[in-house]
K.L.:
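My questions will all concern the structure given below.
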Amino acid sequence: MAEGMSIAPAALPAAPGARRRRNTYWGEVGGKLIRQPGAMLGAAMLAVIVLAAIFAPWIAPFDPNKGSILMRLKPFFFRGHLLGADELGRDMLSRLIWGGRISLAMGVVPVLIAMLIGGALGLTAGFGGKLANTLIMRVMDVFYAFPSVLLAVAIAGAMGGGLIDGMIALTLVFIPPMCRVAESATAQVRNLDFIEAARATGAGGFSIVRHHVIGNVLGPVTVYASSLISVSVLLSAGLSFLGLGVQPPTADWGLMLSTLVPSIYVVPWVCALPGAAIFLTSIAFGLLSSGLRAAMDMRGA
Amino acid sequence: MNSLPEPVADRGGPAQPLLIARDLRKYFPLGGGARVHAVDGVSFSIAKGETLGIVGESGCGKSTLARLLMQLMPRDAGELILDGDPVGGPHGISVAAMRRQVQMVFQDSASSLNPRLPVQDSVAFGPRVHGRSRSAALEVARAALRQVHLDPALIGPRYPHELSGGQKQRVNIARALAIGPRMVVLDEAVSALDKSVQAQVLNLLVQLRRDLDLTYMFISHDLAVVRHISHRVLVMYLGQVMEVGPVAQVFAAPRHPYTRALLASRPSMDPARRTETLAISGDPPNPVDLPPGCRFAPRCPHAEAVCTAANPALAGGADHLAACLIQVPGSGHSQAPGLEAAA
């Protein structure tokens with residue numbers, strides 16, 4: 001009897017919790033995202049690319065790094081090589097599947113790190129007062145003075161090149177724009193009444209930022225970051241193409257493009273494959289990003 | 001556990017005003033040496049349990065005054081004394097201790113709630129800041145929502161955009177109450193609401209003041225609302241106090257020409273008594289380049305040469321004061337009583 005009594009009140013607060021989950025901001029954004037055909041097409045393309053990259057060891061038909069002199073520069077469907085073979089006789093399909101791993105990592109990792117660092121810098125600049133703002137934003141302006149491709153090439157080149165150096169170079173390139181987006185979003189939120197109201201309750205700067213600012217800055221920063229991923233995929237391919245990214249014989253789309261260029265008159269379709277893979281991945285991220293941007297726009301609701 | 005935090009205990013007794021402001025000043029520099037005199041030497045006191053209404057045209061410094069009181073911006077000069085304790089300074093209570101006792105409700109009910117938080121979390125933020133656990137703070141938030149007649153189970157988990165304007169403003173009031181304040185500064189708290197909702201919220205405020213022993217500073221440009229809710233009223237013009245007194249006296253017999261003009265500009269409910277002559281015309285002068293002497297002199301129908309000589313101090317009876325030379329015997333103004341009349 002006593003147990004039955006204690007269960008009833010505990011069951012009551014569960015009801016608002018259940019309706020709350022349905023109503024969260026991110027829940028609503030997700031709901032709107034699903035209803036966008038463009039974003040869903042991007043998501044489907046990405047799902048294929050990501051799954052292929054994850055399960056590369058199991059689905060790749062050949063060893064991506066093992067070539068055969070007899071198989072050099074063969075067209076599509078040649079003796080079991082569905083997408084032909086490259087200049088060293090390695091299976092193109094296997095190399096494309098394995099290369100997706102590097103390209104996705106180079107697309108996502110620098111953007112995520114830049115989002116953390118640039119976001120934190122932007123929050124500090126936007127909320128930390130005039131001195132912090134001037135200091136941080138002027139340093140960012142210096143980075144802005146260089147075109148992003150040039151900056152990435154210069155940094156990667158100065159550090160020697162390779163997977164990690166390439167990632168660091170791309171991260172450094174993405175921090176300034178990310179910081180600027182976070183700073184302007186913070187500056188917008190900073191002047192709203194609820195920040196002043198939070199300060200009036202006696203809260204300190206850190207707890208205001210944690211509870212009231214980050215949640216409102218995360219939206220624009222996430223949208224911007226998602227749009228940078230496709231840029232990052234392209235830039236990393238560019239670095240590899242110039243020999244500043246991943247080193248051979250690792251399979252990477254940018255590098256494959258670079259080594260296949262001389263053979264473009266022999267097997268044009270095979271040579272175009274890495275480019276197509278870069279293009280499709282970039283498009284997929286772009287579609288998803290613009291869908292996210294539209295879904296986050298609450299004014300339409 | 002199921003109630004609001006206990007307010008800080010009374011220290012000075014009923015005769016000690018809850019808040020005394022002395023000569024508050026705030027200037028906003030514009031560059032080139034010019035500055036806006038937003039609040040320029042404002043002094044007043046608020047008794048315990050009292051509602052002080054503050055009226056004035058937009059731009060007269062009402063909101064700046066509220067922000068100075070809440071320490072949301074630093075004051076350039078002046079003193080604040082809360083129940084006998086100076087706020088700030090070496091011997092005073094800290095700003096944090098003051099905020100535990102004085103809370104504020106903002107004008108824009110929509111932008112004063114975080115759009116990404118369920119409203120109960122916005123209300124619970126104050127108690128969290130003041131050291132309560134997450135669940136205890138939520139419990140306080142629910143009690144505060146009940147106090148403003150909102151159902152915590154129904155409204156608490158919702159987001160601001162799912163609520164009506166009146167509900168949002170009730171949530172804002174609940175947030176102020178959740179800390180257990182003794183005084184609430186209401187900055188145009190009902191101005192943005194529909195008339196019918198306004199009346200409900202005003203009645204709620206009156207009820208809360210009685211139930212929770214609160215003291216209000218009620219800022220508004222709406223004279224009818226101020227008259228309804230206030231005990232005393234303070235009239236501001238260009239950052240200075242023009243007149244202060246019990247609400248009945250100020251509305252029945254205004255002493256300052258500016259107050260008279262403000263009251264005359266109210267729309268009348270009686271079509272036979274429509275406003276025919278404009279009480280005052282023109283805009284308030286630019287608060288950057290202030291005319292010497294009385295701030296109101298350039299627009300005042302009774303202005304004379306003496307009015308532009310010096311800035312008049314508040315003068316008059318015991319509790320009904322006006323900053324006008326007409327109130328000062330022997331001031332030299334032709335309408336002022338002679339010195340012998342005062343003697």
Side-chain angles (χ1 to χ4, degrees), chain A residues 8-29 31-32 127 129-130 185-186 188-222 296-301, chain B residues 63 66-67 69-73 94-118 120-131 135 138 142 151-162 171-172 175-176 178-179 181 184-185 187:
Chain A
L12 273 174
R19 74 162 267 131
R20 198 179 136 181
R21 217 169 300 129
R22 200 151 39 92
N23 279 343
T24 56
Y25 172 76
W26 292 103
E28 237 168 84
V29 168
K32 280 165 106 184
F127 211 79
K130 225 173 188 168
T186 308
Q188 263 177 32
V189 174
R190 184 184 59 201
N191 294 323
L192 293 178
D193 279 349
F194 68 85
I195 298 297
E196 209 163 39
R199 194 173 287 142
T201 60
F206 269 112
S207 103
I208 291 177
V209 167
R210 220 185 73 180
H211 288 94
H212 294 290
V213 181
I214 288 184
N216 288 284
V217 171
L218 205 58
V221 168
T222 309
M296 278 187 175
D297 191 2
M298 283 291 158
R299 273 163 297 190
Chain B
S63 290
R67 279 163 176 76
L69 287 189
M70 289 308 300
Q71 315 282 330
L72 290 173
M73 49 174 75
S94 66
V95 170
M98 186 237 167
R99 285 181 176 151
R100 167 81 178 76
Q101 303 186 46
V102 185
Q103 278 297 302
M104 179 161 172
V105 176
F106 292 79
Q107 168 173 17
D108 188 346
S109 57
S111 77
S112 51
L113 288 171
N114 187 341
R116 300 286 155 80
L117 283 186
Q120 63 188 7
D121 291 351
S122 278
V123 177
F125 182 66
R128 281 285 280 157
V129 167
H130 289 272
S135 59
L138 265 181
R142 291 197 192 103
D151 180 358
L154 192 67
I155 301 293
R158 296 202 186 176
Y159 285 79
H161 70 265
E162 300 174 299
V171 170
N172 277 316
R175 168 176 48 199
I179 298 191
V184 181
V185 176
D187 183 10

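Chain A is the first sequence line, chain B the second, and so forth, proteins listed ahead of strands; every chain is numbered from 1. Since this is a predicted model, take the numbers as computed values, not measurements.
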K.L.:
For B/R67, is it the side chain, the backbone, both, or neither that has a heavy atom closer than 4.5 Å to a heavy atom of chain A?
P.N.:
side chain
K.L.:
Chain B: which of A/G204, A/A198, A/A200 shares the most heavy-atom pairs with it under 4.5 Å?
P.N.:
A/A200
K.L.:
Can you tell me how far the CG atom of B/L117 sits from the CG atom of A/N216, to the nearest 0.5 Å?
P.N.:
8.0 Å
K.L.:
Please state whether the side chain, the backbone, both or neither of B/L113 comes within less than 4.5 Å of a heavy atom of chain A.
P.N.:
backbone
K.L.:
Mind checking the OG-CG spacing from B/S111 to A/D193? Nearest 0.5 Å is all I need.
P.N.:
3.5 Å
K.L.:
Shortest non-hydrogen contact from A/G215 to B/R116?
P.N.:
O-NH1, 3.0 Å
K.L.:
Which heavy atom of A/S207 sits nearest a heavy atom of B/V129, and at what distance?
P.N.:
OG-CG2, 4.1 Å
K.L.:
How long is the straight-line distance from NE2 of A/H211 back to CZ of B/F125, given to the nearest 0.5 Å?
P.N.:
6.0 Å
K.L.:
Decide yes or no on side chain to side chain contact (heavy atoms under 4.5 Å, CB included) for B/Q71 and A/R199, but give the supporting numbers first.
P.N.:
CA-CA 9 Å; B/Q71 315 282 330; A/R199 194 173 287 142; over 6 Å; no
K.L.:
Testing the basics here: between A/T201 and B/G126, what is the closest heavy-atom pair and its distance to 0.1 Å?
P.N.:
CB-CA, 4.0 Å
K.L.:
Looking at every non-hydrogen atom in both residues, tell me the closest pair between B/S112 and A/A197 and how far apart they are.
P.N.:
O-CB, 4.3 Å
